[in-house]
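One structure below.
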Amino acid sequence: MSSEKHFYITTTLPYINSEPHIGFAAEIIKADVIARYRIQRGDSVFFNTGTDEHGLKIYQKAAELKMPVQEYCDLYSAKFLPLKDKLNLSYNKFIRTTDPGHQKAAQEFWRRCEAAGDIYKKAYKVKYCVGCEMEKTDSELENGRCPLHPDRDLEIIEEENYFFRFSKYQDKLLALYERHPNFVRPDSRLKEIKTFVANGLQDFSISRFKEKMPHGVPVPGDESQVMYVWFDALVNYISTLGWPEDYDRSGNFEKYWPALQVCGKDNLRPQAAMWQAMLMSAGLPASRQVLVFGFLTANGQKISKSAGNGIDPLALVDKYGADALRYYLLAEIPPFADGDYSEEKFRERYNADLANGLGNLAARVSNLLEKNKIETALKVDLKDPGIKVTAVEIEEKMADYRFNEALQAIWDKLRDSDEILSRTAPWKMSDQKEIAAVLKPLAQDILNLACLLEPFLPAAAAKVQAQFSATQVNKGDVLFPRLT
RNA sequence: CGCGGGGUAGAGCAGUUGGCAGCUCGCCAGGCCCAUAACCUGGAGGUCGUCGGUUCGAGUCCGACCCCCGCAACCA
């Protein structure tokens with residue numbers, strides 16, 4: 001294809017005050033499916049992720065560990081790197097908000113907002129919970145304490161900070177949502193953000209007093225202040241493309257912006273409202289779309305960093321493999337709703353669909369081909385009538401990012417194949433031609449399905465494609481060993 | 001009157017414009033014996049949160065209420 005389309009997708013950047021957890025794994029896996037799907041369709045894809053490294057919590061944590069803060073950042077940022085191989089991710093950029101290029105970009109972004117008249121200084125006095133890294137209004141407090149961190153004293157912050165004129169952008173944001181009814185997915189989240197914006201916006205603080213908290217991007221033209229972590233962090237979505245100077249001479253900002261941004265539902269406001277207002281202020285185009293995913297619970301309980309009931313995605317991969325984890329998170333959990341993780345359900349789903357479903361069918365067909373010495377030499381053909389319906393269905397589902405339903409379409413087809421195989425029972429036949437007439441279309445379907453499966457389960461898809469495109473298909477190894 | 005999402009078979013979920021309650025897992029009984037004790041067929045199991053209303057007819061529309069769960073300016 002000569003008319004190559006550019007497509008940019010980015011995850012949120014996880015904050016490095018803890019290890020990677022399953023919620024982020026779910027987010028980045030979904031982003032990876034979208035990225036791989038676009039790559040498969042011939043788009044040129046820029047897929048960004050990275051780490052968010054500024055702010056008070058990190059400053060304090062480094063101090064706790066008696067570590068220079070940059071050393072802490074290097075150490076913790078590096079904990080996110082293994083996700084790429086372990087989860088089999090296709091991202092091609094990993095940005096850190098402590099990267100010099102990013103910091104320069106954040107400063108330039110600040111200057112543009114300032115030039116637009118959207119940054120001003122204001123005396124500021126507020127109760128602040130360090131645990132939440134958040135200001136607290138009185139209505140949010142219980143007995144004068146943060147309900148989430150009742151063991152910590154609230155800090156009273158009293159200083160002059162810079163503020164961003166968020167309130168100025170109310171109408172423009174509402175106009176943006178009107179113009180692009182798909183700007184935020186799903187609809188319920190769009191409705192939520194519309195209501196929020198329509199109810200009125202308050203300017204928010206975007207800097208901190210350097211003497212108290214030096215770990216941030218310096219505010220241009222004011223030695224005494226650093227940027228509040230969120231202001232600089234959001235800029236990563238464009239600094240990663242080389243904005244503003246195109247310092248890597250890639251032309252990536254021109255080619256790829258605006259982004260499809262994915263995030264968890266807690267990030268709706270920063271992504272869909274604050275960041276969009278910031279872009280407007282800096283005179284840049286709005287994001288392409290914001291996908292807001294649900295949250296995971298673990299065994300029905302809320303996962304929280306403080307409660308320590310997190311699930312280590314890397315341990316799961318070591319135990320079951322990347323495809324197994326990807327499959328569970330994509331097939332079992334509806335993409336935009338909350339879902340639950342439990343090892344029992346994980347194992348159940350693995351056995352039912354991967355071992356007994358895909359794996360067993362591939363074993364049945366490949367074994368019969370090998371035993372009967374039937375040569376096939378098949379090639380992927382998505383126009384094949386046997387697969388067309390499924391291919392179209394996946395296209396429809398993927399247009400709405402309904403990964404679970406797309407996978408369901410593939411598994412419906414696998415089930416059909418199992419049924420055909422049982423009904424025709426080629427193992428009872430003696431005529432080789434007759435046997436081949438039954439097996440060949442089934443093998444072709446499996447090969448085609450493996451191609452369609454590539455964005456979801458890249459490793460298994462590659463294995464099955466290699467197996468079923470051989471001249472003489474052999475049974476080979478068990479694809480997904482049954483768990484006992 | 002802060003905002004939002006839910007309550008449908010033992011579990012997890014679908015149910016489009018109101019028209020005989022479905023799917024997956026699990027369970028039971030058959031079949032098959034190529035396959036990873038897998039696969040195929042059939043079956044049991046639900047007064048669709050409660051009360052009231054509209055209607056020939058309500059899981060679906062309207063009203064009130066009960067119960068869960070998130071969010072509430074930044075934990076994905």
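From a predicted model like this one, the values you see are computed outputs, not experimental measurements. Chain A is the first sequence line, chain B the second, and so forth, proteins listed ahead of strands; every chain is numbered from 1.
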Taking OP1 and OP2 of [N], is either one under 4.0 Å from a side-chain nitrogen or oxygen of [X]?
| X | N | answer |
| --- | --- | --- |
| A:K428 | B:C33 | yes |
| A:N367 | B:A35 | yes |
| A:K371 | B:A35 | yes |

By the 4.0 Å heavy-atom rule, please label [X] as base, sugar-phosphate, or nothing.
| X | result |
| --- | --- |
| A:F295 | base |
| A:T12 | sugar-phosphate |
| A:Q202 | base |
| A:R415 | sugar-phosphate |
| A:L479 | base |
| A:N360 | base |

### Message
Under 3.5 Å, is there a donor on one side chain and an acceptor on the other for A:N48 and A:T240?
### Response
yes

### Query
Checking side-chain contact (heavy atoms from CB on, under 4.5 Å) against A:M278, which of A:F166, A:Y169, A:W110, A:F109 comes through?
A:F109

Between [N] and [M], how far is it from one [atom1] atom to the other, in whole Å?
| N | M | atom1 | value |
| --- | --- | --- | --- |
| B:G15 | B:C71 | P | 25 Å |
| B:G18 | B:A58 | C1' | 6 Å |
| B:G31 | B:C67 | C1' | 46 Å |
| B:G2 | B:U17 | P | 30 Å |
| B:C13 | B:G30 | C1' | 29 Å |
| B:U54 | B:C69 | C1' | 32 Å |
| B:U41 | B:G12 | C1' | 25 Å |
| B:G5 | B:A72 | C1' | 15 Å |

### Query
Does the cation-pi check pass for A:K194 over A:Y177, that is, NZ or CZ under 6.0 Å from the six-membered ring centre and within 45° of its axis?
no

Side chain of [X] (C-beta onward), nearest among [options]:
| X | options | answer |
| --- | --- | --- |
| A:L368 | B:A76, B:C34, B:G70 | B:C34 |
| A:E192 | B:A76, B:C3, B:A38 | B:C3 |
| A:S422 | B:U41, B:A76, B:C39 | B:C39 |
| A:D418 | B:U36, B:C40, B:C32 | B:C40 |
| A:L201 | B:U36, B:C25, B:A73 | B:A73 |
| A:N356 | B:C39, B:G70, B:A76 | B:C39 |
| A:D266 | B:U36, B:A76, B:C32 | B:A76 |
| A:K191 | B:U36, B:G5, B:C40 | B:G5 |

Could you give the [atom1]-to-[atom2] distance, from [X] to [N], as a whole number of Å?
| X | N | atom1 | atom2 | value |
| --- | --- | --- | --- | --- |
| A:R423 | B:C34 | CZ | C1' | 16 Å |
| A:D416 | B:C40 | CG | P | 10 Å |
| A:I333 | B:C13 | CD1 | P | 9 Å |
| A:E405 | B:U16 | CD | C1' | 13 Å |
| A:L89 | B:A76 | CG | P | 17 Å |
| A:L483 | B:C25 | CG | C1' | 15 Å |
| A:N199 | B:C3 | CG | P | 8 Å |
| A:R269 | B:C71 | CZ | P | 12 Å |

Complement of [N], any strand, by Watson-Crick or G-U distances under 3.5 angstrom:
| N | result |
| --- | --- |
| B:A64 | B:U50 |
| B:C39 | B:G31 |
| B:G70 | B:C3 |
| B:G26 | none |
| B:G19 | B:C56 |

### Task
Could you check whether the rings of A:Y320 and A:Y350 sit parallel, tilted or perpendicular, using 30° and 60° as the cut-offs?
tilted

### Message
Can you confirm whether A:D477 is buried at CG, in the sense that more than 12 heavy atoms of other residues, nucleotides or ligands lie under 6.0 Å from that atom?
### Response
no

### Message
Reading RNA chain B from 5' onward, which residue's closest nucleotide shows up sooner: A:L361 or A:R189?
### Response
A:R189

Donor-acceptor pairs are to be reported for all side-chain atoms of residues 430-439 of chain A against protein atoms at under 3.5 Å, with residues two or more places apart or in another chain.
{"unit_1": "A:D431", "atom_1": "OD2", "unit_2": "A:E434", "atom_2": "N", "d": "3.4"}
{"unit_1": "A:Q432", "atom_1": "NE2", "unit_2": "A:N372", "atom_2": "O", "d": "2.6"}
{"unit_1": "A:Q432", "atom_1": "NE2", "unit_2": "A:K373", "atom_2": "O", "d": "3.3"}

### Task
Would you kindly check whether a donor in the side chain of A:R364 faces an acceptor in the base of B:A35, or vice versa, at under 3.5 angstrom?
yes

### Query
Between A:Y327 and A:W411, is the ring centre distance below 6.0 Å?
yes

### Message
Centroid separation under 6.0 Å, is that true for the rings of A:Y328 and A:Y341?
### Response
yes

